[in-house]
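Computed from a predicted model, the values in this text were never measured in an experiment.
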Amino acid sequence: MASDTDTAKADPADRPGRDVEDEGRPRVRLGRSRLGAFILALNLLSLLILFGGALALNEWRRGLVEARQESLTVQAELLANLLGEAGATRGEPRPMLNPLDAALLLRDKFIPTGQRARLYDQDGLLVTDSFAVSEAISGAPLPPALPAGVTAPQPGEPARARDDRRQDKAAAELAAEVERALTGEPQAGVRRSETGDQVVSVSIPVRHVQQVLGVLTLEAGDVDEILSAQRRALVPFALVALIVSLLSSLVLHLFVARPVMRLSLAADEVRMQRARAISLPDLEDRKDEIGDLARALESMTDTLSTRMDAIEGFAADVSHEIKNPLTSIRSALETLALVKTDAQRETLTALLQQDVRRLDRLITDISNASRLDAELSRERPRPIDLGELLAEVTHIYQATAKPGEAAVVLEMRDGVDSPVSGRDGPLGQVFRNLIDNARSFSPPGGTVRVLLDREAGEVRVRVEDDGPGIPPDNLATVFERFYTSRPKGTAFGANSGLGLSIVRQIVEAHGGRVWAENRAGPDGAAAGARFTVVLPEAARRG
């Protein structure tokens with residue numbers, strides 16, 4: 001019978017239940033977000049450029065200052081040796097510096113332009129200054145002449161006070177440096193001059209043999225030029241970082257903001273019913289989160305469109321099925337006034353009662369079918385012992401059985417563990433519908449058998465009856481909506497044609513499958529129908 005039930009046993013990949021469980025599950029890629037990594041890399045790149053540039057320039061500045069100090073130290077040591085040993089000293093046995101000879105050695109020909117040399121004696125008093133013996137004329141160009149009658153503004157008292165404090169501070173720093181050098185230890189550092197500029201300063205003791213005669217101080221005032229060059233060198237790094245930031249912003253706008261805006265507009269079109277589904281192929285081909293979002297929205301809108309089509313078809317089928325008993329009732333009522341015998345009146349009354357029962361059953365099943373999706377989405381799956389559920393369902397049928405109705409019997413092996421993950425309400429409805437369907441086809445005094453078993457990680461439930469069976473051509477169509485083809489001799493109107501359709505919808509929503517087949521009797525003929533429900537076994541905890 002497997003070949004006759006291929007349609008009923010659909011491929012698991014095509015089942016709506018699997019789509020809900022697999023595609024509805026959020027796909028979180030912790031630590032592997034391509035779009036997040038891309039944004040982070042762009043932001044870090046500009047910061048790294050600035051940071052790297054600042055570090056490189058800081059090292060370059062430190063290297064230049066150290067190189068300047070080394071150069072001044074070598075130059076100062078040569079001059080100190082020349083001052084101490086080559087005739088700039090006089091007096092025996094206690095030598096002392098000769099100011100005239102020292103002044104000759106500290107002229108411009110020995111001191112490069114931009115440097116300043118000062119010589120101090122043993123008491124820290126200034127002996128000579130290269131600026132004092134320089135042939136160059138220091139000073140700045142005079143400002144342009146003012147018009148006649150205009151008086152030049154005089155510097156205020158606060159400005160002069162600041163200048164005095166700056167000069168006093170510079171003199172104190174220089175005196176401290178000279179004092180430390182008089183102890184015999186060379187000094188080197190960066191300090192402020194009397195004009196407020198930064199200078200690289202080196203103070204070297206002047207010795208005659210081992211005696212310290214004084215201190216020679218050399219200053220180079222090009223530190224500010226070095227700093228200005230450093231700032232100018234930082235400009236390209238800042239410009240590159242700015243360009244990278246602008247490019248990253250542009251890229252984020254093109255690859256993130258605009259696609260999100262397109263998705264938003266597409267969603268608005270669906271909401272305004274100008275479209276039934278979102279379709280953006282260029283975004284769906286992307287391998288990042290935007291692509292995931294586009295594919296998820298397309299899948300969602302496709303599902304909604306399919307659901308809307310199903311609702312429209314369901315409404316059309318419901319309208320058609322309700323019209324049939326209503327038409328029959330209207331015809332019977334119109335004919336009732338024309339009948340003349342009591343037998344004819346009883347026949348029409350029985351027909352009206354039958355149509356009313358059929359209409360009541362149809363409305364009840366339509367209500368159950370319309371609430372099914374809401375019930376399946378409202379309740380979260382939980383572990384259920386299918387054996388206990390079947391025992392409760394069959395016990396109700398056994399307790400409420402009437403004379404002549406088919407008996408309901410549950411058969412399962414002792415100790416069979418049958419855990420499934422699902423919702424007990426809808427699953428109970430599955431087996432009630434199957435049992436009701438089997439009882440409606442069973443002969444008086446027949447038996448409906450419910451068999452429970454488990455094999456290969458699946459829980460299997462079979463519902464068998466002793467009825468006439470199902471025509472082979474209808475083994476798949478019995479699960480279609482409003483299928484009501486019934487063998488001869490069965491009660492008309494006892495079924496609405498929605499029970500088995502509801503069964504398949506619930507089973508597939510739980511990731512299972514259901515199919516119908518005929519039981520073969522000893523002579524090979526159909527001895528009844530068998531409906532098989534297979535549900536995946538729930539994962540065991542612990």
Side-chain angles (χ1 to χ4, degrees), residues 1 5 8-9 365 368 379 381-470 475 478-479 490 494-495 499-521 526-538 540:
M1 293 297 177
T5 58
K9 293 185 286 185
D365 287 346
N368 293 335
E379 299 181 14
R382 61 183 183 85
I384 297 175
D385 190 336
L386 204 57
E388 294 181 0
L389 178 63
L390 290 175
E392 294 176 0
V393 171
T394 56
H395 177 72
I396 294 175
Y397 282 99
Q398 294 168 358
T400 59
K402 297 179 181 179
E405 291 183 343
V408 180
V409 178
L410 174 62
E411 299 179 6
M412 62 179 179
R413 295 197 310 267
D414 293 338
V416 174
D417 190 15
S418 53
V420 297
S421 178
R423 308 159 182 87
D424 50 1
L427 286 178
Q429 184 178 0
V430 166
F431 301 113
R432 287 194 300 272
N433 287 1
L434 290 177
I435 293 174
D436 289 340
N437 181 77
R439 293 179 69 190
S440 68
F441 285 97
S442 296
T447 302
V448 175
R449 290 169 295 279
V450 181
L451 300 93
L452 174 64
D453 198 2
R454 191 186 74 191
E455 58 182 30
E458 294 179 333
V459 179
R460 190 180 299 264
V461 179
R462 292 186 291 271
V463 179
E464 300 177 351
D465 61 51
D466 297 328
I470 304 172
L475 288 173
V478 293
F479 293 100
T490 57
N495 295 81
L500 295 181
S501 175
I502 292 174
V503 166
R504 182 174 63 178
Q505 185 177 356
I506 295 175
V507 170
E508 290 180 348
H510 285 77
R513 58 190 189 275
V514 60
W515 66 88
E517 57 188 352
N518 287 321
R519 296 190 303 110
R530 177 189 295 123
F531 288 86
T532 303
V533 176
V534 177
L535 296 172
E537 184 180 359
R540 300 176 183 274

Task: Salt bridge present between D465 and R519 (N-O < 4.0 angstrom) - done: no

Open item on the list: Could you tell me if the side chain of P536 sits less than 4.5 Å from the side chain of E458, heavy atoms only?
Closed with: no

Task: Side chains of I396 and V408 in contact at under 4.5 Å (non-hydrogen atoms) - done: no

Open item on the list: Nearest 0.5 Å, please: how far is CG in N437 from OG in S442?
Closed with: 9.0 Å

Open item on the list: Quick check: do P383 and P419 have side-chain heavy atoms less than 4.5 Å from each other?
Closed with: no

Task: Test item: F531 and I470 side chains (from C-beta on) under 4.5 Å apart, heavy atoms - done: yes

Task: side chain to side chain contact (heavy atoms under 4.5 Å, CB included) evaluation trace for L500 with N433 - done: CA-CA 7 Å; L500 295 181; N433 287 1; 5.8 Å; no

Task: For the student: nearest non-hydrogen atoms of L452 and M412, plus distance - done: CD2-SD, 3.5 Å

- [ ] In sequence, state the C-alpha distance, the side-chain angles, and the governing distance for F479 and V514, and then conclude on side chain to side chain contact (heavy atoms under 4.5 Å, CB included).
- [x] CA-CA 9 Å; F479 293 100; V514 60; 3.9 Å; yes

Open item on the list: Using a 3.5 Å distance criterion without hydrogens, assess whether the side chain of D466 forms a donor-acceptor pair with backbone atoms of G528.
Closed with: no

- [ ] Identify whether the distance between the nearest side-chain nitrogen and carboxylate oxygen of R449 and E411 falls below 4.0 Å.
- [x] no

Open item on the list: If you define the side chain from C-beta out and look only at heavy atoms, does anything of V420 sit under 4.5 Å from L389?
Closed with: no

TODO: Would you mind checking if E517 and R462 are paired as a salt bridge, meaning a charged N to carboxylate O distance below 4.0 Å?
DONE: no

TODO: Evaluate the criterion side chain to side chain contact (heavy atoms under 4.5 Å, CB included) for residue pair R382 and D424; output intermediate values, then yes/no.
DONE: CA-CA 9 Å; R382 61 183 183 85; D424 50 1; 2.6 Å; yes

Open item on the list: Quick one: does any side-chain atom of Y397 pair with a main-chain N or O of A406 as donor and acceptor, under 3.5 Å?
Closed with: no

Open item on the list: With heavy-atom distances below 4.5 Å as the criterion, would you say the side chains of L535 and V507 are in contact?
Closed with: yes

- [ ] Please examine the side chains of W515 and V534, heavy atoms only from C-beta on, and report whether any two atoms are closer than 4.5 Å.
- [x] yes

- [ ] Check whether any side-chain heavy atom of Q429 lies under 4.5 Å from a side-chain heavy atom of I506, and answer yes or no.
- [x] yes

